[in-house]
Amino acid sequence: MGVDWLHLDVMDGHFVPNLTFGPPIIKCLTQRLQNRTFIDLHCMIQEPRKWIKDLSNAGGHQMTVHYESDIGNIEELSQMIRNAGMRPALALKPKTLIDHTLIEIFDKQLFDMILIMTVEPGFGGQKFMADMLPKVTQLRQRYPKIDIQLDGGVNCDNVISCYEAGANVIVSGSGIVNAKDPQQSINYMKECGCQHFKW
Ligand SMILES: O=C(CO)[C@@H](O)[C@H](O)COP(=O)(O)O
Ligand SMILES: [Fe+2]
């Protein structure tokens with residue numbers, strides 16, 4: 001279908017009230033894809049450290065951990081993910097504000113991508129929270145080069161606002177699978193990225 005990244009929501013039933021899949025299922029998928037697609041693991045799990053090795057062995061290229069989970073020493077965590085051969089990324093739930101601690105973390109370039117959640121994590125099919133966009137603009141102004149991903153409720157109607165705010169990576173689940181023509185929606189969202197990401 002021409003997607004650039006495959007965003008996989010790993011949920012543990014503790015960090016979020018939902019349970020999806022873990023390394024064995026991811027491995028089945030990545031073996032079929034034969035390294036042709038970037039595997040982006042959005043880890044909504046309470047203890048991300050426990051899973052780094054297994055997720056890397058399962059074929060993950062990027063591991064996004066939540067700031068609100070049991071991250072421990074964040075420099076060490078980022079390094080552990082890099083040492084396992086994956087890009088480290090940090091996700092923020094909607095209520096998490098960008099404070100001095102987070103700015104210090106991002107200034108140190110510990111993470112290659114910041115994920116700004118535009119829904120409460122746990123379920124697909126929720127409504128996009130447009131009030132998260134100022135966070136994106138704030139980050140983009142300070143960090144022109146980092147990847148900024150938006151996840152939750154992104155669809156063809158709001159995707160331009162995501163790129164204009166400064167996101168350069170978007171995740172869309174129901175926006176694609178519920179569309180009349182999923183392929184056309186993918187094409188449109190990709191084209192909008194080329195035209196409207198202005199930073
Ligand atoms: O991580 C999450 C939700 O927790 C997201 O990745 C959603 O699952 C994306 O689905 P839509 O909101 O686009 O339907
Ligand atoms: Fe996600």
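Numbering of ligands and ligand atoms starts at 1, following listing order.
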Would you find a donor on one side and an acceptor on the other, under 3.5 Å apart, between the side chain of Gln109 and the backbone of Phe106?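 No; judged by distance alone, with no hydrogens or angles, the pair does not exist.
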Does Thr64 use its side chain to pair, donor to acceptor, with the backbone of Leu90 at less than 3.5 Å?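 Side chain of Thr64 to backbone of Leu90, a donor-acceptor pair under 3.5 Å: no, none is there.
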Part of Ser174 with heavy atoms under 4.0 Å of ligand 1, whether side chain, backbone, both or neither: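 Within the 4.0 Å criterion, Ser174 contacts ligand 1 through backbone and side-chain atoms alike.
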I need the atoms of ligand 1 closer than 4.0 Å to a non-hydrogen atom of [X], numbered in the order shown.
| X | value |
| --- | --- |
| Gly122 | 3 (C), 4 (O) |
| Gly152 | 12 (O) |
| Met44 | 1 (O), 4 (O) |
| Gly125 | 11 (P), 12 (O), 14 (O) |

Can you confirm whether more than 12 heavy atoms, excluding those of [X], are under 6.0 Å from its [atom1] atom?
| X | atom1 | answer |
| --- | --- | --- |
| Gln79 | CD | yes |
| Lys145 | NZ | no |
| Arg36 | CZ | yes |

Is there a donor in the side chain of Thr96 and an acceptor in the side chain of Glu68, or the other way round, less than 3.5 Å apart?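 Note: Thr96 and Glu68 side chains meet the donor-acceptor criterion.
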With no hydrogens and no angle check, just 3.5 Å: does a side-chain donor-acceptor pair link His61 and Asp40? no
Heavy atom of the protein closest to [atom] (residue, atom name, distance):
| atom | result |
| --- | --- |
| atom 12 (O) of ligand 1 | Gly153 N, 2.8 Å |
| atom 10 (O) of ligand 1 | Gly124 CA, 3.7 Å |
| atom 13 (O) of ligand 1 | Gly173 N, 2.8 Å |
| atom 3 (C) of ligand 1 | Phe123 O, 3.5 Å |
| atom 8 (O) of ligand 1 | Asp9 OD2, 2.9 Å |

Answer key: the N, O or S atom of Asp9 nearest to the Fe ion (ligand 2) is OD1
For the Fe ion (ligand 2), find the closest N/O/S atom on His42 and give its atom name.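 Looking at His42, the N, O or S atom with the least distance to the Fe ion (ligand 2) is ND1.
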Return a yes/no value for Val171: is any of its N or O atoms, backbone included, closer than 3.5 angstrom to an N or O of ligand 1? no
Quick one: closest heavy-atom pair of Val154 and Ser172, and the distance?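 Heavy-atom minimum between the residues: O-OG, 2.7 Å.
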Out of Asp151, Val16, Asn155, the nearest non-hydrogen contact to atom 6 (O) of ligand 1 is supplied by Asp151
